[in-house]
Number of protein chains: 2
Amino acid sequence: MTSASGLWARTRQRAYAEITAVAMELFLADGFEQTTIDEIAAAAGISRRSFFRYFGTKEDVVLGHLIAEGQALRAALERRPDGEDVWTALRAAIFSLEEADGDEERMLAVSRMLYRTPSLRARSIEKHLRWYDDLVPEVQRRLGGGGDDLLRARAIVGCAITCLDVAGEAWTDGAASRPLAHYFDAALDAVRPAAAG
Amino acid sequence: MTSASGLWARTRQRAYAEITAVAMELFLADGFEQTTIDEIAAAAGISRRSFFRYFGTKEDVVLGHLIAEGQALRAALERRPDGEDVWTALRAAIFSLEEADGDEERMLAVSRMLYRTPSLRARSIEKHLRWYDDLVPEVQRRLGGGGDDLLRARAIVGCAITCLDVAGEAWTDGAASRPLAHYFDAALDAVRPAAAG
DNA sequence: GACTGACTGGCACTGAGTGCCATACCGGCA
DNA sequence: TGCCGGTATGGCACTCAGTGCCAGTCAGTC
């Protein structure tokens, strides 16, 4: 926590951002699987070995933010009022995070890559599984009581994430013609027709 | 379709079964990640190169059956009466396939390995994604009409699979103390409390 | 000027997965 | 009996992801 470590942290942060930017350019230009780590390292002006000091896997360059998002999601969920319906709270938490990054065209390109590259898709879902650990405790708390709370909480979190995933795919297929929330609500309505959003 | 090709098919089938059996023994004894393909090949009496002619990846040894199961699931779903509720039909289709393999202890061990090995878990979910292609058309047909049928069908199939997955985890955690269907129904009830089973 | 701590590069290694080629087996056919 | 085409096989070399190890560099510190 000295000024030195703060400097290092900022430097490291900048390095992360720079490597990510360079790598994403290559991914979008040549395809994810076609781009090797040697190419990324060369383009970023670092050694192959150093790349792996910043990212555990090639997929992490694209999906690294998902870990942090899971924690942010948990925090957002915990901020929702106690009496609120679980589904309403989950929906509100999810869309409190939605970043309007401006460059929609780029987000679409990234999203297409994500849905069409098997290894990325798999890792993405694997990261989503970690969200369970973040969200289930709070959902379980809100369910309050009952022997099979854990199972019920997992099912609810799982289906919410699944709806988000399905919505993301529809958003990508539909070229972002409607906001993600629209697709999410439609997906949730298909699963829970009685409860309106 | 000559007798020769039939013979080959049977031989191949036997080879598949034998390699799978040998590999599973090694996986359960030493762990999935610890077991190399060289070891499997040596134990099965084939070359490393031949292993890859039977299985595309190491994960496929454990998860290969999931592809066939998706198609069987589709067939089972199509056999359900037309007027039946989609969720009821899906549930019935899923549990018409449940094989009581007898050796529950072994199934538990395999299941534990599956849930605890990241690469296996990821691939397993990836295979489950293929089930979408198998099941969504029939679910969509049953929904009959409406502009966002595809999205709705995907959401329903996705949540059904998610509930199955959550149920599988609970079954594994609970050491198979109750049938899988019990956990599945509980999971589905958490998501759709109004509609009973 | 030695010391510590964090980052870096280079090298060698394992292990998954692929492409290529030569070979062996088996049934059919002249 | 000998040739032929299809299929399975083994071996080799290769790419690429990811890891471990060691040596060097560049702060800031006493």
Side-chain angles (χ1 to χ4, degrees), chain A residues 1-20 22-23 26-27 30-64 113 117-124 126-127, chain B residues 1-20 22-23 26-27 30-64 113 117-124 126-127:
Chain A
M1 298 299 165
T2 71
S3 68
S5 73
L7 175 65
W8 272 124
R10 280 198 300 280
T11 306
R12 196 169 172 79
Q13 205 62 28
R14 224 176 302 140
Y16 266 110
E18 201 172 319
I19 298 169
T20 303
V22 166
L26 289 173
F27 290 158
D30 306 333
F32 181 81
E33 285 169 338
Q34 279 65 43
T35 306
T36 69
I37 290 175
D38 286 285
E39 290 168 353
I40 298 171
I46 57 170
S47 72
R48 171 190 161 67
R49 195 65 191 82
S50 283
F51 172 88
F52 282 110
R53 290 204 178 89
Y54 284 94
F55 299 96
T57 69
K58 196 166 77 167
E59 286 80 10
D60 281 355
V61 178
V62 183
L63 304 171
M113 178 172 80
T117 309
S119 71
L120 269 179
R121 191 93 171 87
R123 291 267 188 178
S124 153
E126 206 183 340
K127 303 266 181 194
Chain B
M1 299 297 163
T2 70
S3 70
S5 73
L7 175 65
W8 272 124
R10 279 198 301 280
T11 306
R12 196 169 173 78
Q13 206 61 26
R14 222 176 305 141
Y16 266 112
E18 200 171 320
I19 298 170
T20 302
V22 166
L26 290 173
F27 290 157
D30 306 333
F32 180 81
E33 284 168 339
Q34 279 64 43
T35 307
T36 68
I37 290 173
D38 287 285
E39 290 168 353
I40 299 171
I46 57 171
S47 73
R48 172 189 160 68
R49 196 63 191 82
S50 284
F51 172 88
F52 282 112
R53 290 203 178 89
Y54 285 95
F55 300 95
T57 69
K58 197 166 78 168
E59 286 81 8
D60 281 355
V61 178
V62 184
L63 304 171
M113 179 173 78
T117 310
S119 71
L120 269 180
R121 191 92 171 87
R123 292 266 189 180
S124 154
E126 206 183 340
K127 303 266 181 194

Checklist entry - Is the shortest side-chain N/O distance from A:Ser47 to OP1 or OP2 of C:dG10 below 4.0 Å? => result no

Next on the checklist: Can you confirm whether the side chains of B:Glu59 and B:Ser119 place a donor and an acceptor under 3.5 Å from each other?
Outcome noted: yes

Next on the checklist: Quick check for you: among C:dG9, C:dG17, D:dT9, whose closest atom lies nearest to any side-chain atom of B:Lys58?
Outcome noted: C:dG17

Checklist entry - Please give, in whole Å, the distance from D:dT15 P to A:Arg48 CZ? => result 13 Å

Checklist entry - Using a cut-off of 4.0 Å on non-hydrogen atoms, how would the nucleic acid contact of A:Thr35 be classed: base, sugar-phosphate, or nothing? => result sugar-phosphate

Checklist entry - For A:Phe52 and C:dC11, what is the distance between atoms CZ and P respectively, to the nearest whole Å? => result 17 Å

Checklist entry - Do A:Arg49 and D:dG20 share a donor-acceptor pair, side chain to base, under 3.5 Å? => result yes

Checklist outcome for this item: Here the distance between atom C1' of C:dG9 and atom CD1 of A:Ile19, to the nearest Å, is 14 Å

Next on the checklist: How many whole angstroms separate atom CZ of B:Arg12 from atom P of C:dC26?
Outcome noted: 17 Å

Item to check | Interatomic distance, A:Ile37 CD1 vs C:dG9 P [rounded to whole Å] | outcome: 15 Å

Checklist entry - Once you round it to whole Å, what is the distance between C1' of D:dC16 and CZ of A:Phe32? => result 13 Å

Checklist entry - Which whole-number value in Å describes the distance from A:Phe55 CZ to D:dT19 C1'? => result 18 Å

Checklist entry - For the atom pair OG1 (B:Thr36) and CZ (B:Arg48), what is the distance rounded to the nearest 0.5 Å? => result 8.5 Å

Item to check | First of A:Asp38 and B:Phe51 reached from the 5' end of DNA chain D, by closest nucleotide | outcome: B:Phe51

Checklist entry - Where the side chain of A:Thr36 is defined as all heavy atoms beyond and including C-beta, which of C:dG10, D:dC16, D:dG18 is the nearest nucleotide? => result D:dC16

Checklist outcome for this item: Of the listed D:dG10, C:dC7, D:dA17, the closest approach to the A:Tyr54 side chain comes from C:dC7

Next on the checklist: Between P on C:dT14 and CD on B:Gln34, what's the gap in Å once rounded to a whole number?
Outcome noted: 17 Å

Item to check | Neighbour count above 12 (heavy atom, 6.0 Å) for A:Glu18 CD | outcome: no

Checklist entry - Are any of the side-chain heavy atoms of B:Val22 and B:Glu39 separated by less than 4.5 Å? => result no

Checklist entry - Is B:Phe51 close to B:Val61 at the side-chain level, that is, under 4.5 Å between some pair of heavy atoms? => result yes

Checklist entry - Of the nucleotides D:dG11, D:dC21, C:dC7, which has the atom closest to the A:Arg53 side chain? => result D:dC21

